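These notes are about the structure you will find just below.
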2 protein chains.
Amino acid sequence: MSSTGRRRRPTQVDIARRAGVSQATVSLVISGGAAADQIDEPTHQAVLAAAAELGYAANVAARSLKGGRNHLLGLYTFEPVFPTDQRDFYYPFLLGVEEEAAAQGYDLLLFSSVTSSADRSIYAGGGNRLKIADGCVLLGRNVCRDELAALVQEDFPFVFIGRREVDEGELSYVGADYVTATSAMVAELARLGHRRILYLRAIEDTEPTRDRERGYRDGLAAAGIEVDEALIHGLADPADLSVEHVQHWIAAYGVTAVLVEPTEDNRLVDALTAMTDGGSATRVRFPEDCSIALLGDPPSWTPEQRDWTRFSLPRAEMAREAVRMLVDLLGQAQHASRQLTIPCTSVPGDSVGPAPASATGREEAP
Amino acid sequence: MSSTGRRRRPTQVDIARRAGVSQATVSLVISGGAAADQIDEPTHQAVLAAAAELGYAANVAARSLKGGRNHLLGLYTFEPVFPTDQRDFYYPFLLGVEEEAAAQGYDLLLFSSVTSSADRSIYAGGGNRLKIADGCVLLGRNVCRDELAALVQEDFPFVFIGRREVDEGELSYVGADYVTATSAMVAELARLGHRRILYLRAIEDTEPTRDRERGYRDGLAAAGIEVDEALIHGLADPADLSVEHVQHWIAAYGVTAVLVEPTEDNRLVDALTAMTDGGSATRVRFPEDCSIALLGDPPSWTPEQRDWTRFSLPRAEMAREAVRMLVDLLGQAQHASRQLTIPCTSVPGDSVGPAPASATGREEAP
DNA sequence: TGCGACGTCTAATACGTATAAATTCCTGGC
DNA sequence: GCCAGGAATTTATACGTATTAGACGTCGCA
């Protein structure tokens, strides 16, 4: 059908034959960045011409086996990125990675872990799948620690989007500055007279959660408020954030403000909305009854939604920086690990108000 | 740091040395599916033990170099997929491709054309970029015909999502059955007494548009209505679908129903919504004043939106089928082209009603 | 004329795996 | 005791590329 009728993809040997040179020369012309100018102009052209005629494309596997570069950046996510309910959360990351990868002249290799089966993990099939790419961007909240540790052991270049730690050594990441952002949120609440601030944290002990807790404690300390451990509460399911609970916290602990971590899906915001909607007796008004702020932004953001007080992660920016960092790492012989933290932006919103006068100074009581 | 202190990853040779066998034996034990049982049980165990002790992980590059396949499927889009205003249109395709690729054991190579610059085209850098993948899924409305033709010339395996044609030969695609869906829509309108049906088609002469026009004509023929060429109208910009225009069409041509192609962005639906919102004199009520149906679904679909009468493309299903077809093609020595058409699902909606009695039979007049 | 230097190219090899072909070893049959 | 025949394992090779060391001329200069 086609001119040659052959099925096999052309290789450097084919080009060499056609151009009347050796395979080594072809390799030098095609991918010998530095050494490419040591070959004569006529042969240079001849090789390129032959390559074009044959429709040559380098074999990725062979190239990376040999240790060369493929101009591929991997993107591995520990959770499915595409399911609809989380899409708005991950979309900005995808966007940023895609954009910056293209800008840097790399194509993106999407390692799919979309099936829940374990056979799509990094070390599936007895090998490290990521290695076809020159380097890899990692993403996801529920990290598999073993795999991450193994990745650090081999010195495969990768950058995590989000701060992550493993015992086995330092890894590179681009994270959001949850500590400062949360601390600032606490400071703002304190300025408004709040002294009894409830912190609803995720149950899982991941780095983002630890950072927020750190910021919470720092913020309280800076405001001269002692930490009451009873006000740090693990929230297993956003649905637990019910009217009854909040009213209980207000009554029993004198809580006047709540800080809560949003989930990657819509459940938290749904729960909040549900609390606002109920009949007058069975609802909580924010901020009249209680101030509330989100430690991060809820995934989907339609204009109709309420403008919750919160801070917002620079997600696309984080992704872009991660790609830049990765490309940088690739350029260096030595793979030193690097860490970068990007500030969050504060969104004032309308769910935080001054503390009720009756509550001010309440923490002075025994 | 690690037990050996070496940096290099263990290979089959290392295992072989440790287990006192040859590298070939190791290969047979580890990945020799069928031939694995021809080796003795003791050696089998010894090899596995050695592999476990060394923490062996197969080198994917070497493996796929040997096999000729690298288990990568390309995804090339002729338009940026990630920009926000089109994201809901392309998302289901991404989802489907991603999902099925994973199910088939392939990873996805995302060729970014996100920068508008031409140097990210298929044939950038002198070669066919797509060729680093085993095969490729193509996507996008504004196809570059030259490149597509060139792709057909070389017999690089690819499948287009959406019906596409080139003069140079047959290509494989998975398309939506616009013809039948449009024809059915016309039939339904005819059943409701409509005889003067306006068809607003896209200006560009792409396959999806041609198919719809074909369905329009077929549907009219089946209903025994003669085609009035004045009722086929090219719509350059969705904003042109204004109240004035519709009122004009009703008055001048006796139009009682309109069929319109949606755009990939939100402009058409926005225009429709705007028409409904105006003051009573400057708006059109659907279906009271005029029935209207969309030949495809508008991109974003929030529950608040009006439930327009339309038909809906099985986008995720198309994507999945495309991947399946591609994998199938890869398995065959001969690359025959294949075509598959998937039916659309009809969404009754509420923007179509019976034709006004005064208009029925109007087409009998000269 | 001879000799080193330089410019241009090639031969050879390594990367880690899979597999066909060849070898060794063993067992049983005569 | 010798050989056919199979089971268990190894040897050898190929996959396509990158890279190093060296081959081959050619030129400049003494």
Side-chain angles (χ1 to χ4, degrees), chain A residues 6-47 50-51 54-72 125-129 131-132 134 154 333, chain B residues 6-47 50-51 54-72 127 131-132 134:
Chain A
R6 320 250 282 98
R7 160 120 267 95
R8 202 172 50 79
R9 278 173 39 174
T11 73
Q12 293 188 349
V13 175
D14 298 322
I15 300 182
R17 244 193 299 271
R18 179 175 258 253
V21 296
S22 76
Q23 174 267 326
T25 306
V26 175
S27 175
L28 285 178
V29 170
I30 292 195
S31 50
D37 47 358
Q38 75 175 206
I39 61 165
D40 218 14
E41 189 54 25
T43 33
H44 192 103
Q45 292 306 330
V47 168
L54 292 179
Y56 171 78
N59 181 321
V60 204
R63 190 172 267 179
S64 61
L65 172 59
K66 189 52 195 172
R69 289 278 138 83
N70 276 322
H71 275 257
L72 294 186
N128 178 346
R129 295 164 58 214
K131 287 219 161 171
I132 329 165
D134 296 346
E154 350 180 0
Chain B
R6 323 250 278 100
R7 171 115 252 102
R8 201 175 52 80
R9 279 179 24 176
T11 74
Q12 292 189 349
V13 176
D14 298 323
I15 300 182
R17 243 193 302 269
R18 178 175 258 252
V21 296
S22 76
Q23 174 267 326
T25 306
V26 175
S27 174
L28 284 178
V29 169
I30 292 198
S31 51
D37 47 358
Q38 76 176 205
I39 63 163
D40 218 15
E41 190 54 25
T43 32
H44 191 104
Q45 293 305 331
V47 167
L54 292 179
Y56 171 77
N59 182 322
V60 197
R63 194 174 264 178
S64 60
L65 171 59
K66 183 60 192 169
R69 292 269 153 80
N70 49 27
H71 280 259
L72 296 186
K131 285 206 169 178
I132 63 180
D134 293 343

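Just so you know, these numbers use all the heavy atoms, side chains as well, and skip hydrogens, waters and symmetry mates. Model, not experiment: these values are computed from the prediction. The sequence lines fix the lettering, A, B, ..., with proteins before strands; numbering per chain opens at 1.
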### Message
By nearest heavy atom, map A:E41 and B:V26 onto DNA chain C; which one lands nearer the 5' end?
### Response
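The residue closer to the strand's 5' end, by nearest nucleotide, is A:E41.
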### Query
Starting at the 5' end of DNA chain C, which residue's closest nucleotide do you reach first, A:A62 or B:A24?
A:A62
Atom [atom1] of [X] and atom [atom2] of [N]: how far apart are they, to the nearest Å?
X: A:D40; N: C:dC6; atom1: CG; atom2: P; result: 18 Å
X: B:L65; N: C:dA18; atom1: CG; atom2: C1'; result: 10 Å
X: A:I15; N: C:dC9; atom1: CD1; atom2: C1'; result: 17 Å
X: B:Q38; N: C:dC25; atom1: CD; atom2: C1'; result: 15 Å

### Query
Does a distance-only test, which skips hydrogens and angles, find a donor-acceptor pair under 3.5 Å between the side chain of A:Q23 and the base of C:dA11?
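In this structure, the two groups form no donor-acceptor pair.
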Which part of the nucleic acid, if any, lies within reach of [X] when heavy atoms closer than 4.0 Å are counted: base, sugar-phosphate only, or nothing?
X: A:A58; result: sugar-phosphate
X: A:T43; result: sugar-phosphate
X: A:T11; result: sugar-phosphate
X: A:V13; result: nothing

To check you understand the geometry: which heavy-atom pair defines the closest contact between [X] and [Y], and what is its length?
X: B:I39; Y: B:H44; answer: CD1-ND1, 3.6 Å
X: A:Q38; Y: A:L28; answer: OE1-CD1, 4.0 Å
X: B:A50; Y: B:I15; answer: CB-CG2, 3.8 Å
X: B:S64; Y: A:A61; answer: OG-CB, 3.2 Å
X: A:A58; Y: A:R9; answer: O-NH2, 3.5 Å
X: A:I30; Y: A:Y56; answer: CD1-CE2, 3.6 Å

### Separation of A:N59 CG from A:L65 CG (nearest 0.5 Å)
9.5 Å
### Task
Check every nucleotide of DNA chain D for an atom under 4.0 Å from a heavy-atom of chain B, then give the first and the last such nucleotide from 5' to 3'.
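Footprint of chain B along DNA chain D, 5' to 3': D:dA8 to D:dG16.
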### Task
Would you mind telling me which residue lines up with the more 5' stretch of DNA chain D, B:T25 or B:K66, judged by nearest nucleotide?
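Counting from the 5' end, the first nearest nucleotide belongs to B:T25.
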